[in-house]
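So that the names make sense, note that chain A is the first sequence line, chain B the second, and so on, each numbered from 1.
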Amino acid sequence: MSSADIYREIILDYYRNPRNYGKLDDADVVVRDSNPLCGDEIEMHIKFEDGKVKDIKFNGKGCAISQASASMLTEIVMNKSVDEVKRIGKEDILTNLGLTNLGPARIKEDADKLY
Amino acid sequence: MLSVIDVDRVREDFPILKRRLKNGKSLVYFDNAATTQKPKQVIDAIYDYYINYNSNIHRGVHQLAVEATEAYESSRRKAARFINAGEDEVIFTRNTTEAINLVAYAWARKSIQKDDGIIITELEHHSNIVPWQMVAKEKGARLHYIRVNLEHSDDGSLVLDDIHTLLRENDVRLVAVSHMSNVLGTIIPVKDIINVCKNYDKSIKVLVDGAQSTPHMPINVKDVQCDFFAFSAHKMLGPTGVGVLYAERELLDVMDPFLTGGDMIREVHKYDTRWNDLPWRFEAGTPNIADVIGFGAAIDYLDSIGMSNVRAYEHELTKYMLSRLREVKDIRVYGSMDADERGAVFSFTLADIHPHDLASILDEDGIAIRSGHHCAQPLMERLGVAATSRASLYIYNTKEEIDRFIESLNRARLIFRLG
């Protein structure tokens with residue numbers, strides 16, 4: 001994919017105006033991961049209620065794809081049951097991002113780390 | 001046009017510069033601070049060794065062993081001459097990191113005691129930080145940092161006054177300092193630093209990390225009067241897997257061996273061993289013979305150009321690069337904007353484009369730069385950024401390539417919808 005295809009308006013919008021950015025004071029789960037190769041850092045805060053994701057926020061630092069995909073993921077899992085969340089795979093995220101055929105350097109760093 | 005080096009002729013010697021990348025673009029290689037490309041003379045020397053005289057070295061009486069030993073030791077003579085050291089003061093290691101670790105294990109662990117001071121700087125590569133953290137923790141010694149100036153015109157230089165304070169307030173045994181920053185390009189006045197330290201207390205040892213300076217400027221360890229000097233072959237046209245530690249003869253004489261086993265011994269008995277002479281005492285096991293021989297060819301190549309010419313050419317490239325970078329909107333360049341004070345390593349950020357995204361866009365245009373923390377996280381912390389983009393140049397780079405690079409930066413601005 002060329003850069004013009006990767007960095008479409010929607011990705012830049014989620015990068016510059018990330019949805020669900022921040023922290024939850026009453027989170028049930030906080031997961032943090034980083035990628036030493038590119039310095040990406042992502043922290044997810046999740047609050048569950050009745051087996052569903054009641055609220056979710058993320059924060060961190062990273063490239064446009066990593067930040068946009070993290071933000072989109074929070075929207076995808078919101079109000080979903082834990083079982084539904086577990087079934088979400090890398091391909092679902094890439095589809096949401098409108099990305100196919102990203103090089104291995106980008107996929108590894110930007111998508112796999114979310115799981 | 002640039003005159004000190006015939007760059008077209010130089011480029012002819014580097015086969016990789018002719019390759020086309022997957023989208024048909026020609027290569028602009030601006031990642032020389034990570035590793036440099038290799039001229040065919042170096043590749044041929046390695047090939048020649050394996051084809052014609054592959055053999056283990058030292059103590060062999062057959063012709064191949066004699067030839068291989070002579071080629072290996074001739075690289076040592078070349079490396080010694082290149083930095084104005086004695087032949088028995090040049091130890092081959094795997095890389096700069098191993099050279100620094102050799103000092104940490106064989107000298108520092110014996111010579112540094114509880115509460116002693118070790119001084120390093122905020123702009124060091126991790127390879128000149130972590131070994132000293134380890135020594136400090138193990139010995140109960142104290143690690144101190146000389147700060148980096150990040151204000152205006154003195155961007156990227158060291159706060160040299162810190163040295164006086166640190167020397168006064170601590171029982172300093174070792175100062176370990178980079179000769180050129182791999183992030184900011186700053187050339188550190190190591191001779192002045194060493195003078196200050198030695199005037200304060202002659203017994204203070206100074207290690208200079210020359211990984212980024214040795215490829216780009218004339219080096220004279222006797223003039224600088226450092227006790228240890230470390231650098232890597234692969235950043236100066238040589239192969240990977242070869243580093244050099246220079247240490248003063250008197251120091252090597254009293255140092256314990258680092259790795260032990262074959263080749264570093266004079267006599268081995270069942271329960272004790274006599275060490276070999278210098279410098280072989282510090283080269284245990286079969287060394288990286290082929291690549292050391294290749295390194296010799298790299299030194300010959302640089303010698304044929306002349307290190308003053310290398311520096312002069314890169315100075316011209318640096319001046320041009322800085323003037324072109326100034327034209328780019330929303331760019332922030334870290335480090336000095338004065339070509340006299342720096343080498344051709346340029347760290348920068350462009351608006352809110354993450355360095356990783358920027359490197360991807362440039363890669364699409366055939367331009368290889370690096371993005372990330374450049375193994376200098378304490379410096380990144382000081383700069384207040386998680387990552388930067390870094391372009392680093394060498395003798396085969398041209399002004400035309402700088403133009404292509406600037407054009408690509410402007411394309412990245414458009415892709416990120418920056419007006």
Side-chain angles (χ1 to χ4, degrees), chain A residues 1-19 21-23 32-43 58-73 93-94 97-114, chain B residues 21-25 31 34 125-127 130 183 330 347 349-390 405 407-419:
Chain A
M1 291 187 86
S2 77
S3 294
D5 299 324
I6 295 171
Y7 301 103
R8 287 167 308 113
E9 199 67 61
I10 184 163
I11 288 185
L12 294 181
D13 183 44
Y14 271 85
Y15 176 54
R16 291 189 167 126
N17 310 294
R19 280 58 145 182
Y21 191 87
K23 296 179 177 185
R32 192 176 181 285
D33 207 349
S34 64
N35 183 339
L37 292 180
C38 59
D40 280 1
E41 289 171 13
I42 283 177
E43 192 175 88
F58 86 99
N59 65 81
K61 290 179 285 193
C63 71
I65 300 168
S66 88
Q67 297 299 293
S69 59
S71 182
M72 283 180 186
L73 180 65
I93 305 295
L94 291 172
L97 288 161
L99 297 178
T100 54
N101 205 16
L102 268 189
R106 303 309 297 270
I107 298 247
K108 187 174 165 49
E109 290 155 24
D110 301 324
D112 280 357
K113 277 290 169 189
L114 296 174
Chain B
L21 300 168
K22 56 180 180 236
N23 52 8
K25 298 267 161 78
D31 195 17
H125 187 282
H126 294 164
S127 62
V130 184
V183 176
D330 305 320
S347 278
T349 48
L350 184 54
D352 67 346
I353 308 177
H354 191 277
H356 207 67
D357 292 316
L358 191 61
S360 281
I361 294 170
L362 265 63
D363 178 54
E364 204 171 59
D365 291 334
I367 301 166
I369 65 162
R370 196 150 285 258
S371 59
H373 55 56
H374 316 298
C375 293
Q377 281 183 310
L379 177 59
M380 292 287 129
E381 221 166 273
R382 191 64 211 295
L383 296 172
V385 291
T388 66
S389 300
R390 182 185 73 184
F405 164 74
E407 202 180 304
S408 192
L409 291 181
N410 284 319
R411 192 174 79 86
R413 292 188 78 263
L414 290 180
I415 287 169
F416 267 73
R417 324 283 199 277
L418 296 158

Is there a side-chain contact between B/His354 and A/Asp40 in this structure, where contact means two heavy atoms from C-beta onward sitting under 4.5 Å apart? yes
Residue A/Glu41 versus chain B: region with a heavy atom under 4.5 Å: neither
So which of A/Lys61, A/Gln67, A/Arg8, A/Glu9 has the largest heavy-atom pair count under 4.5 angstrom toward chain B? A/Glu9
Let me confirm one number: the CG-CZ distance from A/Asp13 to B/Arg417, rounded to the nearest 0.5 Å. 10.5 Å
What pairs with B/Glu407 under side chain to side chain contact (heavy atoms under 4.5 Å, CB included), at least two apart in sequence or on another chain? none
Quick one: salt bridge (charged side-chain N to carboxylate O under 4.0 Å, His left out) partners of A/Arg16, sequence neighbours excluded? B/Asp352
For A/Leu12 against B/Ile415, the heavy-atom pair lying closest together: CD1-O, 3.4 Å
Is the backbone of A/Cys63 close enough, under 3.5 Å, to the side chain of B/Asp357 for a donor and an acceptor to pair up by distance? no
Quick check on B/Ile353 against chain A: is it the side chain, the backbone, both or neither that has a heavy atom closer than 4.5 Å? backbone
Taking C-beta and beyond as the side chain, do A/Ser3 and B/Phe416 meet within less than 4.5 Å on heavy atoms? no
Are more than 12 heavy atoms, taken from residues, nucleotides or ligands other than A/Lys23, located less than 6.0 Å from that residue's NZ atom? no
B/Arg413 atom CZ, over 12 foreign heavy atoms within 6.0 Å: yes
